[in-house]
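Report on the structure given below.
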Amino acid sequence: MTDGPWLVVGLGNPGPQYAGNRHNVGQMVLDELARRTGATFGSRSGGLLHRRPQAAVAEARLGVLPGGAPGPRVVLAKPATFMNVSGGPVAALAKYYDVPLDRIVLVHDELDIPFADVRLKRGGGEGGHNGLRDTSKALGSKDYVRVRVGIGRPPGRQDPADFVLKDFAKAELKDLPWLVDRAADAVEAVLVDGLEPAQQRFHTKA
């Protein structure tokens with residue numbers, strides 16, 4: 001099992017109209033991980049990919065192990081379903097690739113973390129995040145790893161549901177590439193070094 005793959009999922013909504021939304025920052029991180037590995041997401045119909053339900057998938061090795069060996073095998077996935085029904089694709093991919101719960105990592109936006117901060121945890125509550133809630137239900141457990149990408153709280157009385165479905169503000173866009181890069185680094189750290197060392201690194205102010 002130690003040589004089995006990890007499943008890293010970036011949550012978001014499908015379609016170009018949502019691509020720049022705060023709610024889609026998890027998928028932005030997955031695009032960065034794919035860029036780093038030279039992997040290409042496949043979602044064509046028919047053949048093997050047709051059996052990978054409702055997700056764009058790329059397979060790669062992520063990071064570098066001590067001594068310079070390639071990092072662990074990873075399945076990068078972006079569900080093609082809407083956020084609130086993310087669980088079906090995640091559970092189906094975990095079954096298809098025989099990935100145990102302790103090797104599943106979800107990357108997602110987090111309202112309760114300041115913009116540009118990244119936090120890591122295993123298990124716990126979903127904090128009103130419908131993508132996490134549906135995934136926990138589909139997996140039958142909350143004990144997967146979360147890479148939580150801070151987007152901050154909405155200003156004033158703005159509805160959080162409206163806030164997450166808007167693009168990042170102009171003032172945030174200059175820091176967004178750095179945030180996406182840092183969250184991608186956090187995913188690599190979890191896979192290569194383990195959760196606790198990654199937490200020690202990313203829970204310390206840069």
Determine whether [X] and [Y] make a side-chain contact, defined as any pair of heavy atoms from C-beta on separated by less than 4.5 Å.
X	Y	answer
L111	V164	yes
H129	H23	yes
V149	D109	no
V75	V99	no
I151	E110	no
L62	T37	yes
L76	F41	yes
V107	M28	no

What heavy-atom pair brings [X] and [Y] nearest, and what distance separates the two atoms?
X	Y	answer
G88	A138	N-CB, 4.1 Å
A183	V29	CB-CG2, 3.6 Å
A39	A58	CB-CB, 3.8 Å
F115	L179	CE1-CD2, 3.8 Å
R146	S136	NH2-OG, 4.2 Å
L93	A77	CD1-CB, 3.6 Å

Using the test side chain to side chain contact (heavy atoms under 4.5 Å, CB included), find all partners of [X] that sit at least two apart in sequence or belong to another chain.
X	result
A169	R22, E172
V192	L65, P72
D193	A189, P197

Quick one: list whatever passes salt bridge (Lys or Arg N to Asp or Glu O under 4.0 Å) with E188, sequence neighbours left out. R36
Could you name each residue pair satisfying side-chain hydrogen bond (donor to acceptor under 3.5 Å, both in side chains) that touches residues 60-89, not counting sequence neighbours? D31-K78
Decide side-chain contact (heavy atoms from CB on, under 4.5 Å) for L106 and V147; before the verdict, give the C-alpha distance in whole Å, the side-chain angles of both, and the deciding distance to 0.1 Å. CA-CA 6 Å; L106 262 65; V147 174; over 6 Å; no
Is the backbone of V118 close enough, under 3.5 Å, to the side chain of R148 for a donor and an acceptor to pair up by distance? no
Hey, does the side chain of N24 reach the backbone of N13 with a donor-acceptor pair shorter than 3.5 angstrom? yes
Show me the donor-acceptor pairs, under 3.5 Å and distance only, between side chains in residues 153-162 and residues at least two apart or in other chains.
unit_1 : atom_1 : unit_2 : atom_2 : d
R153   : NH1    : D112   : OD1    : 2.9
D159   : OD1    : A161   : N      : 2.9

Please indicate whether K166 has more than 12 foreign heavy atoms, meaning atoms of other residues, nucleotides or ligands, lying under 6.0 Å from its NZ. no
I'd like to know whether D117 forms a side chain to side chain donor-acceptor pair (under 3.5 Å) with H203, so could you lay out the CA-CA distance, the side-chain angles of the two residues, the decisive distance to 0.1 Å, and finally the verdict. CA-CA 8 Å; D117 280 359; H203 293 189; over 6 Å; no
Interatomic spacing from CD in Q200 to CG in L120 - rounded to 0.5 Å: 11.0 Å
Please report the interatomic distance CD(Q27) to NE2(H108), rounded to the nearest 0.5 Å. 13.5 Å
State which residue, out of D102, V90, L132, fulfils the side chain to side chain contact (heavy atoms under 4.5 Å, CB included) condition with Y144. L132
Using the rule side chain to side chain contact (heavy atoms under 4.5 Å, CB included), only one of D143, L139, V145 pairs with I104; which is it? L139
Quick one about Y97 and E59 (side-chain donor to acceptor, distance below 3.5 Å, no hydrogens or angles considered), yes or no? yes
So if you build clusters from Ile, Leu, Val, Met, Phe, Trp, Tyr with side-chain heavy-atom gaps below 4.5 Å, do [X] and [Y] land together?
X	Y	answer
L101	V9	yes
F163	L165	yes
V64	L191	no

Tell me whether the rings of F82 and Y18 are parallel (<30°), tilted (30 to 60°) or perpendicular (>60°). perpendicular
Apply side-chain contact (heavy atoms from CB on, under 4.5 Å) to D175 and F168, showing your working. CA-CA 10 Å; D175 292 324; F168 286 94; over 6 Å; no
Checking E32 against D181 for the side-chain contact (heavy atoms from CB on, under 4.5 Å) test, could you report, in this order, the C-alpha distance in whole Å, the side-chain angles of both residues, the deciding distance, and whether it holds? CA-CA 7 Å; E32 169 61 18; D181 191 61; 3.6 Å; yes
Go through L33 and V187 one step at a time and tell me if the side-chain contact (heavy atoms from CB on, under 4.5 Å) criterion holds. CA-CA 9 Å; L33 291 170; V187 174; 3.9 Å; yes
